[in-house]
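Not measured: the values here are computed from a predicted model. Each chain gets a letter, A, B and so on, in the order its sequence line appears, and its residues count up from 1.
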Amino acid sequence: MLEYSFSKPNSSRSPSLVTEDLRSFISKIYTVYSTNSASFMGLSSIGTASDGMQLCIFDLRRGQHEGQELDKILYFFPADLPFSTQLSVIGLSEGLITFTRIFSPEAACEVIEAERHSHVFYEAEPDIWMVMIVEKSKDSEAIWRIDALREVLKEIHSLFVMFHGSIRALLEREPGGGLTRAHLYPFIMDYLRACQKRSPLDKCCCGNAEVAVSDGLIWIYFLVGKKLQLPSFRDCLMERRSVQMLTVGREAAIEVQTLVRILESSAGNLPCFSLILFQDLLVSTTLSPEDTINLYKYAVLRLTPLALSSGAKSWSYLRKGNSSSHVSIGSTLLSTGSVSEQFYGSHDASPAGDNRYHVTRPLQHDKWFKGKDGFLITDIWGGDIGSLNVTTPTVWLHQTEERMYLCAYQYKSLTIILLIPLSSILNGDQGVSILKQQLLENASLKILKVEEKLSKGWGGENAYHVSGYRYLLVDGNRDISRASPPTKVTTLSKESLLALNRLREEVDAEKSRAKWDNPGREKDLEVCIRAKNNAWAVARITGGKELYMVLEKANETLLYASDAVEKFSNRYCSGTFSLD
Amino acid sequence: MAGKASSSQTSVGGLGSGAVSHVFIHYPPLRCNIPGSRGFYYDDGNKLLISPTSDQVFSWKTVPFSPNAAPNIDSITEGPICSIRFSLDEKLIAVQRSNTSIDFLHRETGEVFTHRCKSESESILGFFWTDCPSCDIVVVKISGLDLFAYDHASKSLALVETKKMNVSWYVYTHESRLVLLASGMQCKSFHGFQLSSAGIIRLPKFEMVMAKPEANSKPVLASEDVYIVTVYGRIYCLQVDRVAMVLHSYRFYRDAIIQQGSLPIYSSKVAVSVVDNVLLVHQVDAKVVILYDIFSDSRAPISAPLPVLLRGFSRSDSFTSRPSTKESESLQASDSNDNESIVYGDGWTFLAISASSSEIPSVLEFLQRRKLEANKAKQLCLAIMQTMILECRPITMVAKAMDVLVTSYAHSLKTGTYFKGIKTERTPSSVSNVSGSGQVIDVNTGRTDGLGKSLQRESAPRVNSVSASDTEDSSSLEPSKISSNDTQFDGGKVDIGAESCTTGNPLNASVSDQQESQLTSPAISPDEMYKFVFAPIEEEMIGEPSYLVAIILELFRSANLEKVKVHPNLFVLTIQLLARSEQYAELGLFVINKIIEPSKEVALQLLESGRQNFQIRKLGSDMMRQLSLHQDYVLLLVQDGYYLEALRYARKHKVTTIRPSLFLEAAFTSNDSQHLAAVLRFFSDFIPGFRSTSDFFTYYHILNEMNSSSVVA
C-alpha cells in the first residue's frame, strides 16, 4: 500500500487522541530529519531537506506588508521546511523577478543557474509564479533540460486549472488563501506521486510518511519508493506537453469521424466535445489544442485501459523503461505543527470532522473503475462507488471557459471521453445518466466497429519504431509528437543521449531567442553534432515542426548522417525536413 | 373502344397522407382497321403485334411504339393459322398451320416451304425461334423438342438435335429464353431448357407443388397457370395453385430450381406480369392488382392493391381498335392460346407508390432498381435525399440512404449501365430540372405516374361503347404531393422530372424527355450527388454546419467502401463548413488523415480558411508542397515573407517563372540590407544577364542607400 487515509479513526479512541498520536509520531520523524538537515542558511541550504527538488507557488500580489509574508506562499514542497526557509526561497525568487522585470517587463526571468542549483521560473498566471529548484548533484544522472522542467510546471498548472479553475479565481473566492492551499497541496502531491518511480519494494510499508491535512482529514503519504521522477537527459526523445496520435488509414479515419458525429448527435442539441483514444494514443479530438493536451494527459494517466489495469505503470509506456534522474523525496515530511496545519488545510477541528473545504483529488490513484455498462466511474467527485451512485466528474475547459461534465466510456482498447456543458444539463447527474443511455443506444454498434477497425490497423507498441533511428518528431503547430518507443530509446548509450540533450537545450535557446526577435516568424534551423561515441545528434526545424534524431550507426561522415535524415524525412514526414 | 379501359384513383391508405396512386392507360391507343382479321398475336421475340387475315399478315413494331405507325404487310398463302412468329432476323415468317405442319415464308422473295412432321402420330404443340448458336428454330411436339437449323442456301430446315420426352404442354418466353415442358398425369413434372446465345442448358427435372382438394382427386396443372417471369435479370417461375389459393414462386439456377415461397391470391383467375422488375399479380375476380418487389426479402406488397376496372370487349372481326402497349416485355405471349388472349396495356411507373412509402432507404432502394423512367426515378431520389437533409433527419437514416445510392451507383458502374445511359444523357436539358436553392420540394408525382392499365378479356364478348376518355382522367392528373411520414414536401420550387404521360401524350413527348428516357439506370454519381443535392442546399444549411458535415462524412464513408471517388468540391465544402463553425481541431484531423483528399482546390481553400487559423493555413501550404505545386508554393512563401526559404525552394525545384522583383521587394520590405544583398546576389549568380536588368539597378541602388544610411545612423 502506498497510501493510507485515516478517514475514520478507530472508534475506540477519541479523535483528539489520534491527533496526539500522530503528532508525536510525526515530531519523532521530524526530529530525525532535522538532525540530518544541513545547517547552511540561504540558498545553499535549500536543497537539504529533500536533497533534490523544491517547488513553490506564490502570489506577488499578496503579503506585501511586513508580518504578512506568509500570505504569499500558496504552495511549498517540501512542506516541512521551516517557514523561514520557505520565505527565503520565495523572497529570493521574488527579488529576481522584480529585478529582471526592470529590463524585461513582459517576461521576467526564466531561469537562474546558481553554482549548485537551477531555479526554473514560470509565471502561471499574472503575478502567480511557480518556481522549481533542482540541485545539481554530482550524480551523473542529474542532468536535465530547463525547458523540460518548465514543462512540468506548465503541466501541473494547466491540469490544476482544468480541474479547479484558475488559482486567481480560487484566491478571489476566498481571499484568505486557505481554499487555494487546500486545493493545491493534495493536487500537486498526487501529481508528484504519479511521477514517482515505483520499485518492487514498494509493497513493504515502512519508512517515512508524508502527512497532509486537507479536506478536514489527515492524509498520510508513505513515500517509500522515494524516487521522484524529473525529466532528465534520458527523456530528451520525448515531448511532455504534446499528444501522441495513432496513425489511421482513410477508411478508419472516416469511421472514427462518423462516430464522433454520432457521439455529438446523441447529446442532442447540446454543444459537446469529444476525445477518442486508442490504447494510449489519441485518435480524435474536437477540443482546442490546449484542452486536448490536458485531457489527453489525464486520460493516459488515469483512464486508458493501461492506466486502469496497472497502477504501477501509471505513466504508461510513455515513460516505461526510462530511468530518469530522481530526487529523493523520502524524507520529505510535513511538519504538522499547528501553524502548518492551519496553513495547508483546516485542521482546527477534529481530523475526521468538519469539512471546511471540499477538495476533490482528481489525480488520486486507483480511483477509476470500469462499470458494467462500459462507462468509467469514480468516487473522486463524491458519492459511493459501491452503490454506483457517484457524482459525475467535471472539468473546466480553457476554450469555452465553461465547466463540463466528463463522461468516459471504454470498450476494449478504445476510450471515449465526452464533455457536456454543466449549464446544458438541468437535472445534474440524472441528466447525465440519461445521456449515457442515449449514447449507448446510438453509438455502441459504431464503437464496436471502430474498435475493430483500429485494432486491425494497430501495429503494437513498437508500431512507430523505425529501425536504425531514434527520433522525436514534434509538430509544434498542432502540439503533436511522435517518438521512438521508450524501450528502443534505452538502447542508446548515455553519451548519445547527453549529446542530444545538449543539442535540444541549444535549440530551445535558439527558439526562444527567435521568438523575441521576430515574433510570429518561424525559423528554420538545422544542427548536427558529433558525440564522443561518434554518434550523430541531429535537429532540424522547419515551419514549426521539429525533428530530433540520434544516429549511432551513422558511420563517419556528416553526409551519411544527413542522408539518413533525408530518407527518414521523405519516408515518414512527407518530405517536411528535406532541405535540399 | 378508344382510350380508357380502366381508370381509377385511389388514395393509398396508411402509407402516407395524400399519396395517390393512379392507373390509367396510354392514350391514344393504336387504332387499326383490318378487315378479316383473325385476331392478334404477339411475337415476343421481335416485340411485334401481329394480326393475320386470310392472306395477309399485318405487323406493328411495339418498341418504340407509335400509335400512328402504319403496319407492315406481308402476303401469305391462305389457310388456317394456329400461331405465327417472325424469325429473329425478321426475314422469315413461320405460320403453324396445323398440328403437323408449319409454313415458312421468305419475306423478300415470297418463297414458301412447308415443314411437316415425319410421322402422323406426332403432334406439334408449338414452335419458337431462338438465337442459340446451333439452331434457329425449336419445334415443341408431344414427343419432345426438335431443334432445327435454317439452311439459307437450300431454304429448308435441317434437324440438329432431338430431345425425347413426353410433353403435355409448354411455356416459353423469349426474354428468359427458357422453355418449360410439362408432363405427367397432373402436368406438374417439368423439364426445362434454356436456349440462349451461350448455348443450351438443360435444367434438372422438377415437380411443382399442388395442393389436393380432397383425397382422391388430382388437379391438373394448366399452362395458363404457369408463368415465366424475369425480374432483375433473374428467372422465376410462378405457378398458380387454385386449390391452396397461392402463387408459388420458383427461382431457376443453372443446376437447381429452388422454391422461393408463396404469395397469396384472392382470385381463382390470376394473371401475372412484370413491369420494370415489379411483379404485378392481377387478381382478376377481385378486380385488383397487387404489386410485389421480389428483390426485397419481404413478401409484403409494395403498395396497397390497385383497383382494376374490367370491361369486356367484343371480339370484333371487322373492326378492332384496342389500346396497345408500350412495354412489351410485360405482355404474356398469347400465341399459344388461340381462344383467349390477355393483353395488358401498361405504362406503369411506380414513383408515386414508392414516394408514399415511409421507409426512405428502402424507397430509394426500390427507385434505384427502376429501369423504365430511370430519369424520373433518379430525380426523385435526388429530391428525397435533398429533403432528408433539409429536414435534418437522423444521421443514421441518411447514412443508410446514402449507402443505397452509392452502392447502386457502384453496381451500375460495374455492370456498365451507368455510362450507357449517360452518353445519351449529356444534354443540358436533362440535368437542369433541379433548380438551385429550392426551398421546399414539390414532387409532381401525379404527372409522372401515369399508370396505364387495361385488362381485356376477349373471351367475354360484350359490346362496349366507344367512349372517349373519361373525365376521371383529368382528375387523376391533379398534382399530388408525396409525403414521407408526417412531413409534407409542401410548396416548392424544385420540379422533379419533366412532366410526361399527360393524356395528350401517350409517350414522352418533349425532346428532352426522349433523351432522359434513354437513361437506363437511375444511379446517381457522386458528381450529381454534389450538384443536385449538396450544392443547392449549401446556403440553407449554413445554420447546421455540423449536421451537414456529418452527412458529407457518411457520403465519404459509403463512397470509400465502394471505392467511388467523390466530387472534389465536397472536400472544399467540408473545409468551409468546418472553418465556419471554427472546428479547427476536426478540420486538422480531416486533412491529416486524408479524409479530405489533397488537391489544389483543397489546398487553396485551406489557405483561405486559414486566415483565421494559422494551423489550418499551415496545412494548406504543406499540401501545396506535397502536391509539388512548386510555383504556387514559392509564391505563397514569398507572400508570407519567407522569401529566403522561397528562393531555396525555387532553386531546388527549378521554379524559374517567378519575377525576381517579387523576392527583391519582399527583402526590401523586411528592411534587412543583408537579406536584400543576399537575394540580389542570388539572382546575379543564377540568372544570366540579371546584372543588366532594371531590377538589378533599382535594388542595387536601394541597397547602397540602405547601407550608407545605416552607416550614418
Side-chain angles (χ1 to χ4, degrees), chain A residues 243 245-266 269 271-276 282-292 399 442-443 445-446 449 475-480 518 520-524 542-545 573-576 578-580, chain B residues 392 394-396 399 544 546-561 563 574 578 581-598 613-619 621-623 625-628 637 640-642 644-645 648-649 651-653 670 672:
Chain A
V243 167
M245 292 210 64
L246 181 74
T247 299
V248 292
R250 180 164 192 260
E251 190 178 329
I254 292 174
E255 288 291 350
V256 169
Q257 287 304 321
T258 51
L259 172 61
V260 170
R261 301 290 149 179
I262 291 173
L263 291 178
E264 281 178 8
S265 72
S266 62
N269 290 323
C272 72
F273 297 93
S274 70
L275 202 74
I276 301 178
L282 185 73
V283 178
S284 154
T285 174
T286 62
L287 291 163
S288 68
E290 167 80 15
D291 291 319
T292 300
Q399 182 185 8
N442 293 336
L445 260 178
K446 197 81 191 176
K449 205 170 166 191
D475 184 346
N477 301 320
R478 311 179 42 76
D479 299 308
I480 295 171
N518 217 343
R521 297 277 302 171
E522 284 165 344
K523 209 170 169 175
D524 286 6
T542 177
K545 290 180 183 147
C573 321
S574 48
T576 307
S578 312
L579 292 177
D580 300 297
Chain B
C392 289
I395 293 167
T396 44
E544 304 270 354
S546 63
Y547 176 80
L548 195 52
V549 168
I551 300 302
I552 293 174
L553 256 176
E554 293 296 342
L555 176 62
F556 290 169
R557 187 184 50 77
S558 349
N560 185 60
L561 282 180
K563 311 261 180 292
T574 312
L578 287 172
S581 50
E582 295 185 349
Q583 292 173 296
Y584 296 115
E586 286 100 318
L587 181 49
L589 284 169
F590 273 54
V591 174
I592 285 178
N593 291 327
K594 302 227 165 32
I595 295 176
I596 293 176
E597 288 172 354
N613 185 290
F614 182 63
Q615 278 83 19
I616 299 304
R617 192 171 167 78
K618 258 284 161 39
L619 287 172
S621 69
D622 281 354
M623 190 177 286
R625 187 174 52 75
Q626 281 160 31
L627 288 171
S628 301
L637 285 177
D640 289 357
Y642 293 93
L644 290 180
E645 287 82 354
R648 189 168 62 187
Y649 189 88
R651 173 134 182 81
K652 182 184 174 190
H653 295 282
S670 72
D672 186 327

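Nearest heavy-atom pair across Thr285(A) and Leu282(A) is CG2-CD2, 4.0 Å. Minimum heavy-atom separation, Ile276(A) to Leu259(A): CD1-CD2, 3.9 Å. Among all heavy-atom pairs drawn from Val248(A) and Ala253(A), the shortest one is CG2-CB, 3.8 Å. The two atoms that bring Leu619(B) and Gly588(B) nearest to each other are CD1-CA, 3.7 Å, heavy atoms only.
Taking chain A as the reference chain and counting heavy-atom pairs below 4.5 Å, the highest number among Glu597(B), Gln583(B), His653(B) is found for Glu597(B). Between chain A and the residues Tyr649(B), Phe556(B), Tyr642(B), the most heavy-atom pairs under 4.5 angstrom are made by Tyr642(B). Interface check for chain A: of the options Glu554(B), Lys594(B), Arg625(B), the most heavy-atom pairs under 4.5 Å are formed by Arg625(B). Among Arg478(A), Arg250(A), Met245(A), the residue with the largest count of heavy-atom pairs under 4.5 Å with chain B is Arg250(A). Contact count against chain A (heavy-atom pairs under 4.5 Å) is highest for Glu586(B) among Gln615(B), Glu586(B), Arg651(B).
Of the two parts of Tyr547(B), neither the backbone nor the side chain holds a non-hydrogen atom closer than 4.5 Å to a non-hydrogen atom of chain A. For Leu553(B), the parts lying under 4.5 angstrom from a heavy atom of chain A are both the backbone and the side chain. Contact of Val256(A) with chain B is not made at all, since no heavy-atom distance falls under 4.5 Å. Ser574(A) touches chain B through backbone and side chain together, each having a heavy atom under 4.5 Å away. Heavy atoms closer than 4.5 Å to chain A are found nowhere in Leu644(B), neither backbone nor side chain. Contact of Ser546(B) with chain A is made through backbone and side chain together, with heavy-atom distances under 4.5 Å. Contacts of Leu578(B) with chain A are made by side-chain atoms alone, with heavy-atom separations under 4.5 Å and no backbone atom involved. If you measure heavy-atom distances from Ile592(B) to chain A, the contacts under 4.5 Å come from the side chain alone.
Between Asp622(B) and Lys545(A) there is a salt bridge, since at least one side-chain N of the basic residue sits less than 4.0 Å from a carboxylate O of the acidic one.
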For this session: Please report the C-alpha distance between Glu645(B) and Arg648(B) in whole Å, then the side-chain angles of each, then the deciding distance to 0.1 Å, and finally whether the salt bridge (charged side-chain N to carboxylate O under 4.0 Å, His left out) criterion is met.
Result: CA-CA 5 Å; Glu645(B) 287 82 354; Arg648(B) 189 168 62 187; 5.7 Å; no
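At distances below 3.5 Å, at least one donor-acceptor pair connects side-chain atoms of Asn477(A) with backbone N or O atoms of Gly543(A). Of the possible donor and acceptor atoms, none in the side chain of Thr286(A) sits under 3.5 Å from a partner among the backbone N and O of Phe273(A).
Judged as a side chain to side chain donor-acceptor pair (under 3.5 Å), and not counting sequence neighbours, Ser274(A) has no contacts.
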